[in-house]
Amino acid sequence: MNFIEELRWRGMLHDYTPGVEEFLNQNKPVAGYIGFDPTAASLHVGNLATIMLLVHFQRCGHKPYVLVGGATGMIGDPSGKSAERQFLDQATLLQNQVAIAAQLRRFLDFENGANKAEMLNNYDWFKNIGFLQFLREAGKYITVNYMMAKESVKKRLETGISFTEFSYQLLQGYDFYYLYKTIGMRLQMGGADQWGNITTGTELIRRKLAHERGLTDISKEQAQEAFALTAPLLTKADGSKFGKSEGGNIWLDPTLTSPYKFYQFWLNTADEDAPRLIRVFTLLDRATIEKLEAEHAAAPHLRILQKAIAEEVTVRVHGRTAYEKAVQASAILFGNATTEALNSIDEDTLLSVFEGVTQVQVPAESLQSNIVDFLSVVTRNEIFSSKSEARKMIQGGGVSINKIKIHENMQLSEFQLLQNRYLLVQKGKKNYYLVRVSA
RNA sequence: GGGGAGAUUCCAGAGCGGCCAAAUGGGACGGACUGUAAAUCCGUUGUCGUAUGACUUCGAAGGUUCGAAUCCUUCUCUCCCCA
């Protein structure tokens, strides 16, 4: 398989330095990597898109390296940031590194073959480099003029950028150089926003090599030794940011974004976005995708594309069992389930379906209160923050209990407790709360 | 340095003494339709609430008035034009 060709038809190719394609075709396996800074406790779906670059890279017979930015995470990448960032403390950084490394392990094959994936951490080499040494080994070869021309820096020139963040590209560039020297790393990939940082690396390598070889003229004559390749940043047809939902980021960590919500995120992909996303996030081949698209076009309401994306991605990230539960939960919550249907599921399933859904515990006698009080003050304002808010939405027809739409003067005793202790409260179409009544 | 315009509820933007909790549009949220979509239509959108109710809002602080987002004074900030 031709890596570049594969990325091209999938719409995952944004930019690359000249000669990559030939180089990749003539040398197998090529060592390539992507870096992830431990800025959060988990990777999110945006990172998943770049992870897919590595997945394809490995499938095409090349050797993928995953770099966890233990050092760069301490500095802060100014790319795409309009303001200086706060440092994370050591403990958090370390925790994040461990968590992210564990997540990355599941996407690539780290076990088999000559091109098995490897994990790196740039803290391992940066911890031993002194400031003076760094200035002499890296800083000397890149001009400030060059660094200031980068978009990430240029945008911040007006508002201010610290020397620390300004230096970021040099650190990332040095990574590439270091890896080139030690393990023959030839390609760095990333999202389009990383282009500037990556090319600082290829530039540093070019200049360092010229210097080492005693060349005075660093011209075009010199063959490319290291390459950059980026994937387009994902956008949505409606202009909103990809990878966010009402609740914020969609994380890969199941404790931050439940598999159910994760599955729902993909299932809710807009028709216009689905063809692009299915190419990026699934490994389905071209013929299969085109067939699915045709089927989708014939019967859009079945949302064949969305289901295919949701299945592949959820299974890859959370496993088949979690995926099946998410499907089951969705069927219950969005199908025209009745109280009977709700009551027919056993407690374990019920609880796993509502994993990640807000739960409120109330004493049995609270069922005596009127419905407005119950949904606001009695449930400690978890569902509605005030009585008037509860009343307004009930009057607007936006509240259901056990899938039955309620009105203001209903009694709670009219509702059957699921498993003798639960009430399922639904606010709007997609917000669920499980109220647990203690005996 | 001189002259002018302005600051209104999440945003844009009306209002220029009582009928103003403040038009209209956007956004957000809810409903109908549908495919858990798009488009469309309807409702809600200061807080508490159900009382032709109370309380807090119109850059800030004072003042005039029975009554101020609206008038006056001072202050703070923004924008434009001329030098």
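The model shown is predicted, which means the values in this text are computed figures rather than measured ones. Below, chains carry the letters A, B, ... as their sequence lines are ordered, and counting in each starts from 1.
- The pairing partner recorded for rG30(B) is rC42(B), the criterion being a Watson-Crick or G-U wobble arrangement whose two distances lie under 3.5 angstrom.
- The side chain of Lys392(A) approaches rU45(B) more closely than any other nucleotide in the set rG30(B), rU45(B), rG35(B).
- For the OP1/OP2 pair of rC29(B) and a distance below 4.0 Å, the side-chain nitrogens and oxygens of Asn431(A) include no atom meeting the criterion.
- OP1 or OP2 of rU50(B) has at least one side-chain nitrogen or oxygen of Arg391(A) nearer than 4.0 Å.
- The CZ atom of Phe384(A) sits 14 Å away from the P atom of rC29(B) (whole-angstrom rounding).
- In summary, the aromatic rings of Phe227(A) and Tyr16(A) are positioned with their centroids too far apart to meet the 6.0 Å limit.
- Per the geometry, CG belonging to Asn370(A) stands 9 Å off P belonging to rU50(B), to the nearest Å.
- Atom pair Lys427(A):NZ and rC29(B):C1' shows a separation of 9 Å (rounding to whole Å applied).
- Pairing for rA54(B) goes to rU47(B), judged as Watson-Crick or G-U wobble with the two contacts each under 3.5 Å.
- Checking rU76(B) for Watson-Crick or G-U wobble geometry (two distances, each under 3.5 Å) identifies rA7(B) as its partner.
- The side-chain tip of Arg316(A) does not point at the ring of Phe107(A) from less than 6.0 angstrom away and within 45° of straight on.
- Leu267(A) comes within contact range of at least one nucleobase, with a heavy-atom separation under 4.0 Å.
- In the set rC48(B), rU36(B), rG35(B), the nucleotide with an atom closest to the side chain of Phe334(A) is rU36(B).
- Heavy-atom distances to RNA chain B give each of Lys387(A) and Asn268(A) a nearest nucleotide, and the one nearer the 5′ end belongs to Asn268(A).
- Using N1 to N3 plus N6-O4 or O6-N4 for Watson-Crick, or N1-O2 and O6-N3 for G-U wobble, each under 3.5 Å, rU36(B) pairs with nothing.
- In this structure, NZ of Lys429(A) is placed 11 Å from P of rG35(B), rounded to the nearest angstrom.
- The Gln306(A) side chain lies nearest to rG35(B) when the options are rG35(B), rU36(B), rU47(B).
- Using a 4.5 Å cut-off on side-chain heavy atoms (C-beta onward), Thr200(A) and Tyr146(A) make contact.
- Taking only side-chain nitrogens and oxygens, Lys405(A) comes nearer than 4.0 Å to OP1 or OP2 of rA32(B).
- At a cut-off of 3.5 Å, with distance as the only test, no side-chain donor of Gln172(A) or Asn122(A) sits close to an acceptor on the other residue.
- Looking at which nucleotide of RNA chain B each of Gln264(A) and Glu389(A) is closest to, the 5′-most match is held by Gln264(A).
- The residue Thr269(A) sits apart from the nucleic acid: no heavy atom pair falls under 4.0 Å.
- You'll find that the side chain of His301(A) is closest to rG35(B), out of rU36(B), rG35(B), rC48(B).
- Residues Phe262(A) and Trp251(A) keep their aromatic ring centres 6.0 Å or farther apart.
- Across all strands shown, rA12(B) forms a Watson-Crick or G-U wobble pair, both distances under 3.5 Å, with rU24(B).
- The distance between atom CG of Leu302(A) and atom P of rU34(B), rounded to the nearest whole Å, is 15 Å.
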